[in-house]
Engineer: 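The structure under discussion is supplied below as structure tokens; questions concerning it will follow.
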Amino acid sequence: SKRRCATILNMGVGLADRAQLAVFVVLVGLLAMKKVRTSLDASHPLDPADDVPALQLSRRNGGSTTQTTANPIIEEARSQPTTPEITTHIGVRGDIDTTLTPSPAKVSYSPKGCGVMGPHQEHETSDANSEVQCASDCAARAYSYFGLLQGKECWCADDLEHLEILPQDGCKLDRQRHTQIFHVEDALPEIITMFIAPAKRTSSLFTSGRLEAFFSGKYAYRYRKLNAGVFRTDVGFRKEMCETTPGKKIFVQITGAVTKLLLNWPDNSVLIMTADEIGNWGLGKGDRRFGPHGKGRDFPSNETSEYKHIILPKRIFPMFKQYHHFRQAAAFGDSIRFVPLGSRNEYPNIPPNSILPAPERRYVFSYMAALTDATRKKVYDILSTDKEIPSDKRFIQVSQSWHGSANNDEYVSPAKYQEVMLSSVFAICPKGHSVEQFRIYEAIEAGAIPVMDLKDGYLAQHLPAEYLTSPMLLLNGWDTVVDEMVKLWKNPSKLRDRQQNLLRWYDNYMRTKVREIETVLESRSLESPEFCAKTLK
């Protein structure tokens with residue numbers, strides 16, 4: 001106030017020594033800070049969210065909730081409008097959950113004593129190391145019981161059938177295999193069981209845990225291996241499908257091993273097919289049929305169709321598959337829907353707060369690929385001879401051959417690959433056998449902008465329409481790649497907007513895709529049961 005200023009000024013006039021002068025300077029400084037703060041508060045009223053930490057990281061490998069400074073690029077992207085009923089979830093990566101939400105919801109539970117867990121007892125585990133976090137993790141996966149083994153390791157279970165219950169005074173948490181037991185009192189979500197084939201690469205999106213970042217929260221997901229043991233006998237398969245996991249099911253299966261499942265299609269199920277890179281499955285060409293259909297095969301073909309496609313029971317459709325292809329889209333219409341590849345298992349989880357704004361990145365572009373296609377070689381020639389982008393502003397690492405292992409000596413290591421992606425404004429993604437590739441998603445997860453070519457319509461034939469209107473950089477010919485990148489690179493504002501829009505687009509697209517799968521499962525629940533109603537002979 002003016003009166004307070006006058007008092008301090010009068011006090012300053014009468015100062016006689018340096019000590020008093022120092023006090024005077026401090027008081028004036030504090031007053032100035034208060035005035036500035038008051039001014040800021042008046043022009044920018046305090047938002048209720050300002051009272052909450054900007055970003056909380058729930059580490060699944062530690063269980064504790066760690067507060068850290070929010071990533072500006074993620075926060076700014078998050079602040080933009082999003083599609084109604086879809087919550088933006090930018091920045092979720094693998095084993096570190098950078099959700100922009102508070103700590104997990106509180107779960108009501110009650111103690112049920114102590115017990116001893118057998119050394120080989122099967123149970124679900126969580127990385128939580130606190131009672132509250134363990135309760136939240138187990139309830140989210142629809143488990144009724146949980147506990148902390150020796151007071152440290154979180155476990156979850158549907159029942160206590162294999163646990164030796166101890167008297168209340170017999171529990172010694174310092175003893176091996178001793179555990180507290182708690183019961184979840186809250187209503188639990190419905191379970192979706194996801195059976196995943198052991199395909200190391202094409203099942204990466206499902207086995208890496210990255211898909212969990214986009215779950216709707218409406219269901220509890222549990223995972224089981226889809227191997228030969230599941231199908232060993234008809235009776236065993238029926239018991240697994242109808243008794244052990246009677247509810248909603250998702251099958252992630254490679255195309256080459258899907259026949260047995262199609263012949264014994266369970267109720268309340270949806271199929272996601274993987275590993276059909278060429279996009280031939282279910283179609284025919286000349287006298288050849290790709291998949292289990294045609295003369296003398298398990299399923300008939302529609303021989304009057306231009307594509308001579310497989311005919312399957314209606315209960316199996318709609319299904320989902322990787323690698324969009326225009327021939328399959330024409331043959332099956334909306335009965336076969338696209339699901340993205342996602343990033344590879346070998347690709348490390350993105351550390352929190354590591355997504356830099358595009359204008360602050362070291363490299364204008366990175367090009368890491370095997371030169372297995374004429375297009376890739378052409379792109380290499382263009383980029384390696386370019387003089388406009390300085391050599392220290394680009395990263396090029398190519399191999400002459402494709403290798404099954406990401407750790408091959410011709411490749412950059414997975415850790416280095418990620419480091420480069422995090423440092424790149426653009427990631428060059430020319431087609432190989434297919435334009436759909438892990439590199440697209442690894443780039444987006446790192447905040448790099450994928451660059452692809454629209455020329456000749458190949459992209460439109462092999463990617464869904466949503467990709468063609470995305471914020472990725474889509475060219476009209478690779479000859480323009482340098483000009484288009486430099487044009488954006490020299491406009492930091494537009495570049496930053498494009499990066500933010502891409503992060504938001506990907507987040508919303510993946511969430512919508514997961515919800516689409518769940519919606520199909522919900523429609524299956526309305527069908528009358530057939531598989532489990534039969535008596536297999």
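Below, each value reflects all heavy atoms present in this structure, side chains not excepted, and no hydrogens, waters or symmetry copies. Here, residue 1 is the first one in the sequence, and each next residue gets the next number. Treat the numbers as computed from the prediction; the structure is a model and nothing was measured.
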Engineer: Ignoring hydrogens and geometry, is there a side-chain-to-backbone donor-acceptor pair from Q328 to G333 under 3.5 Å?
Structural biologist: no
Engineer: Does P340 offer a backbone N or O that forms a donor-acceptor pair with the side chain of E436 under 3.5 Å?
Structural biologist: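 Side chain of E436 to backbone of P340: no pair is present.
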Engineer: Would you say that Y145 contacts V184 through its side chain, given a criterion of any heavy-atom pair below 4.5 Å between the two side chains?
Structural biologist: no
Engineer: Between L459 and L468, does a side chain to side chain contact (heavy atoms under 4.5 Å, CB included) hold up when you go through it step by step?
Structural biologist: CA-CA 8 Å; L459 201 69; L468 307 183; 4.1 Å; yes
Engineer: As a quick check of understanding, evaluate disulfide bond (SG atoms under 2.5 Å apart) for C134 and C154, giving each step before the final call.
Structural biologist: CA-CA 6 Å; C134 184; C154 176; 2.0 Å; yes
Engineer: Working note: H324 + H462, criterion ring-ring contact (aromatic ring centres under 6.0 Å, His included); need CA distance, chi angles, decisive distance, verdict.
Structural biologist: CA-CA 5 Å; H324 175 87; H462 294 83; 8.1 Å; no
Engineer: With a cut-off of 6.0 Å (strictly less than), are more than 12 heavy atoms of other residues, nucleotides or ligands near CZ of R222?
Structural biologist: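 Atom CZ in R222 is packed in, count exceeds 12.
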Engineer: Any side-chain heavy atom of L312 sitting closer than 4.5 Å to one from M319?
Structural biologist: yes
Engineer: Do any pairs count as a side chain to side chain donor-acceptor pair (under 3.5 Å) and have a residue in residues 386-396, sequence neighbours left out, and if so which ones?
Structural biologist: none
Engineer: Begin with the C-alpha distance, continue with both residues' side-chain angles, and end with the deciding distance and a verdict on ring-ring contact (aromatic ring centres under 6.0 Å, His included) for Y221 and F215.
Structural biologist: CA-CA 9 Å; Y221 282 78; F215 287 167; 3.8 Å; yes
Engineer: Once side-chain hydrogen bond (donor to acceptor under 3.5 Å, both in side chains) is applied, do any residues pair with K455, and if so which ones, sequence neighbours excluded?
Structural biologist: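 None.
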Engineer: Do NZ/NE/NH1/NH2 and the carboxylate oxygens of R376 and D381 come within less than 4.0 Å?
Structural biologist: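 No salt bridge links R376 with D381.
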Engineer: What pairs with Q418 under side-chain hydrogen bond (donor to acceptor under 3.5 Å, both in side chains), at least two apart in sequence or on another chain?
Structural biologist: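 Result, side-chain hydrogen bond (donor to acceptor under 3.5 Å, both in side chains) vs Q418: none returned.
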Engineer: Taking side chain as C-beta onward, heavy atoms only, is Y458 less than 4.5 Å from D453?
Structural biologist: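 Heavy-atom side-chain distance check fails, nothing below 4.5 Å.
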Engineer: Is it true that R201 and E346 make a salt bridge, defined as a side-chain N closer than 4.0 Å to a carboxylate O?
Structural biologist: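 Looking at E346 together with R201, the answer is yes, because their closest N to O distance falls below 4.0 Å.
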Engineer: Using side-chain heavy atoms (C-beta onward) and a distance below 4.5 Å, is M452 in contact with V435?
Structural biologist: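 A side-chain contact exists here, since the closest heavy-atom pair is under 4.5 Å.
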Engineer: Can you name the nearest heavy-atom pair linking V270 to R524, along with the distance?
Structural biologist: CA-NH1, 3.8 Å
Engineer: Look at atom OH of Y380 and say whether more than 12 heavy atoms of other residues, nucleotides or ligands are closer to it than 6.0 Å.
Structural biologist: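 Atom OH in Y380 is not packed in, count stays at 12 or less.
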Engineer: Hey, does the side chain of R210 reach the backbone of R344 with a donor-acceptor pair shorter than 3.5 angstrom?
Structural biologist: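 Looks like yes, one N/O pair under 3.5 Å.
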Engineer: So that I can tick it off, tell me whether R439 and E442 are bridged by a salt bridge, with the cut-off set at under 4.0 angstrom between side-chain N and carboxylate O.
Structural biologist: no
Engineer: Donor-acceptor check, side chain of S470 to backbone of Y467, threshold 3.5 angstrom: yes or no?
Structural biologist: yes
Engineer: Only counting residues at least two apart or in another chain, list the ones meeting ring-ring contact (aromatic ring centres under 6.0 Å, His included) with Y417.
Structural biologist: Y347
Engineer: Suppose we screen for side-chain hydrogen bond (donor to acceptor under 3.5 Å, both in side chains). Which residues come up paired with Q253, at least two apart in sequence or across chains?
Structural biologist: none
Engineer: To check you understand the geometry: which heavy-atom pair defines the closest contact between K378 and D479, and what is its length?
Structural biologist: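 Closest pair (atom of K378, atom of D479, distance): CE-OD1, 3.6 Å.
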Engineer: Side chains of K321 and D276, heavy atoms from C-beta outward: is any pair under 4.5 Å?
Structural biologist: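 The answer is yes, as the side chains (C-beta and beyond) meet within the 4.5 Å cut-off.
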Engineer: Between K218 and E518, is there a salt bridge with N-O shorter than 4.0 Å?
Structural biologist: no
Engineer: Looking only at heavy atoms, which two atoms of I278 and H325 are closest? And how far apart?
Structural biologist: O-CD2, 3.2 Å
Engineer: Would you be so kind as to tabulate the donor-acceptor pairs closer than 3.5 Å made by side chains of residues 425-433, with sequence neighbours excluded?
Structural biologist:
from: K431; atom 1: NZ; to: D373; atom 2: OD2; distance (Å): 3.0

Engineer: Can we say K249 and E240 salt-bridge, meaning some charged N sits less than 4.0 Å from an Asp/Glu carboxylate O?
Structural biologist: no
Engineer: Strictly distance-based, threshold 3.5 Å: is any side-chain N or O of T480 a donor or acceptor partner for the main-chain N or O of D483?
Structural biologist: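 Such a contact is absent between T480 side chain and D483 backbone.
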Engineer: Can you check whether M421's main-chain N or O pairs, donor with acceptor, with R361's side chain at less than 3.5 Å?
Structural biologist: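 Answer holds: yes.
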Engineer: Can you confirm whether T245 sits close enough to R224 that some side-chain heavy atom of one is under 4.5 Å from a side-chain heavy atom of the other?
Structural biologist: yes
Engineer: Any side-chain heavy atom of F395 sitting closer than 4.5 Å to one from S423?
Structural biologist: no
